[in-house]
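Each chain gets a letter, A, B and so on, in the order its sequence line appears, and its residues count up from 1.
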There are 2 protein chains.
Amino acid sequence: MKILHHPDRSEIHLSSVLYALSDPVRLYIVSEIKKAGERTCGDMSVPVAKSTLSHHARTLREAGIVNVRVHGTQRLLSLRTEDLEFRFPGLLNAILDAFESSFEKDQFLNS
Amino acid sequence: MKILHHPDRSEIHLSSVLYALSDPVRLYIVSEIKKAGERTCGDMSVPVAKSTLSHHARTLREAGIVNVRVHGTQRLLSLRTEDLEFRFPGLLNAILDAFESSFEKDQFLNS
DNA sequence: TTCTTATTTCGATTGTTATCGAACAACAGA
DNA sequence: TCTGTTGTTCGATAACAATCGAAATAAGAA
């Protein structure tokens, strides 16, 4: 089985986190995970090819934002809430609250 | 005199703000402005060419993060604190606090 | 008007990224 | 073992971004 690298808590960098979350698709993915707790890639209806979705999942994982757990043929994504809160208190919530109250999520509603 | 376009408060997008702040140089610029209230481009000692600095200032202005005021031959940059707080409550502070307590600012200390 | 200072714009370069489809790999169930 | 499901990797493409130096601009001072 493939080993998925997750950065250590201390290796999570602010710029990388902000960059990873500056993409509307990834922001949407993260907000979906936040709501559901854990989601698979196929679970999320985003208007991109599955290879693109895979790329986004990888970006989020390498930035230290999500944890990926292998379960059969699926990958379960969850937020690294504690680690992020430890490193950057209040950041994730501020971003996700902003996303929820913005119009940026609207473009995914009918996709 | 050249007109500098600043996006309206309602035109500030979360992704653009996060993207603009995902660059270490720009993050440093913003943290310097935050401390001083207002700064000129030449004021800030960043390890990049002046044309590059100009590019970063433009990115921050177009993302709606800074206001640029012309004063003689200089441009005074200030944070659009109120607008950002209105659109994304707590976001800017969470990011700047994270930056201050991270090691990311260290790379600029001796430049 | 000429010089100086502060900053922008231009053109070029180099590197990165988002995207896709096709091929591949891992697993589960029949 | 075959088949379908799930997701990754590969190769390609097109767009974008960070960077620089040189030239241009704009305002003020001499």
Task: Point-to-point distance, once rounded to the nearest 0.5 Å, from CD of B:Glu82 to CD of B:Glu85 - done: 9.5 Å
- [ ] Please assess B:His6 against B:Arg61 for the test side-chain contact (heavy atoms from CB on, under 4.5 Å), listing each intermediate value before the final yes or no.
- [x] CA-CA 6 Å; B:His6 290 81; B:Arg61 171 173 55 81; 3.6 Å; yes
Open item on the list: Which nucleotide wins on minimum distance to the side chain of A:Ser54, given the candidates D:dC20, D:dT8, D:dT6?
Closed with: D:dT8
- [ ] For A:Ser54 and A:Lys50, indicate whether the former's side chain and the latter's backbone hold a donor-acceptor pair under 3.5 Å.
- [x] no
Task: Distance, rounded to the nearest Å, where B:Arg39 contributes CZ and C:dA6 contributes C1' - done: 15 Å
Open item on the list: Whether B:His56 contacts D:dA17 is assessed here as follows: a side-chain N or O lying under 4.0 Å from the phosphate OP1 or OP2. Is that the case?
Closed with: no
Open item on the list: With rounding to the nearest 0.5 angstrom, report the CG to CZ distance, B:Leu18 to A:Arg26.
Closed with: 11.0 Å
Open item on the list: Nearest to the A:Thr52 side chain among D:dG21, C:dT19, C:dT8, which nucleotide is it?
Closed with: C:dT19
TODO: Specify the separation, in whole Å, of atom CD1 of A:Ile3 and atom C1' of D:dT8.
DONE: 15 Å
TODO: Check the distance between D:dA18's C1' and B:Leu27's CG and give it to me in whole angstrom.
DONE: 16 Å
Task: Earlier contact from the 5' end, DNA chain D, for B:Lys50 and B:His55 - done: B:His55
TODO: Can you figure out which of D:dA18, D:dG7, C:dC20 approaches the side chain of B:Arg26 most closely?
DONE: D:dA18
Task: Protein-nucleotide distance (A:His71, atom NE2; C:dA26, atom C1'), rounded to Å - done: 14 Å
TODO: Round to the nearest Å and state the distance from A:Glu62 atom CD to C:dT16 atom P.
DONE: 14 Å
Open item on the list: Rounded to whole Å, how long is the line connecting atom CG of B:Leu53 with atom C1' of C:dA6?
Closed with: 11 Å
Task: B:Glu11 atom CD, over 12 foreign heavy atoms within 6.0 Å - done: yes
Task: N/O (side chain, A:Tyr19) to phosphate O (OP1/OP2, D:dA18) under 4.0 Å - done: no
Open item on the list: Here's a test of your reading of the structure: between B:Arg61 and A:Thr59, which maps to the more 5' nucleotide of DNA chain C?
Closed with: B:Arg61
TODO: Please state how far atom CG in A:Leu60 lies from atom C1' in D:dT8, giving the value in whole angstrom units.
DONE: 16 Å
Open item on the list: Suppose we call a contact any N or O donor and acceptor under 3.5 Å apart; does that hold for the side chain of B:Thr73 and the base of D:dG28?
Closed with: no
Task: Residue B:Thr40, side-chain heavy atoms: nucleotide from D:dT8, D:dT19, C:dT7 that is nearest - done: C:dT7
Task: Rounded distance (Å) that lies between atom C1' of D:dT9 and atom CG of A:Leu4 - done: 13 Å
Open item on the list: Please tell me if B:Arg58 has a side-chain N or O lying less than 4.0 Å from either OP1 or OP2 of C:dT7.
Closed with: no
TODO: Compare side-chain N and O positions of B:Arg75 against OP1 and OP2 of D:dA26 and report whether any pair is under 4.0 Å apart.
DONE: no
Task: Among D:dT8, C:dT7, D:dC20, the nucleotide that comes nearest once only the side chain of B:Cys41 is considered - done: C:dT7
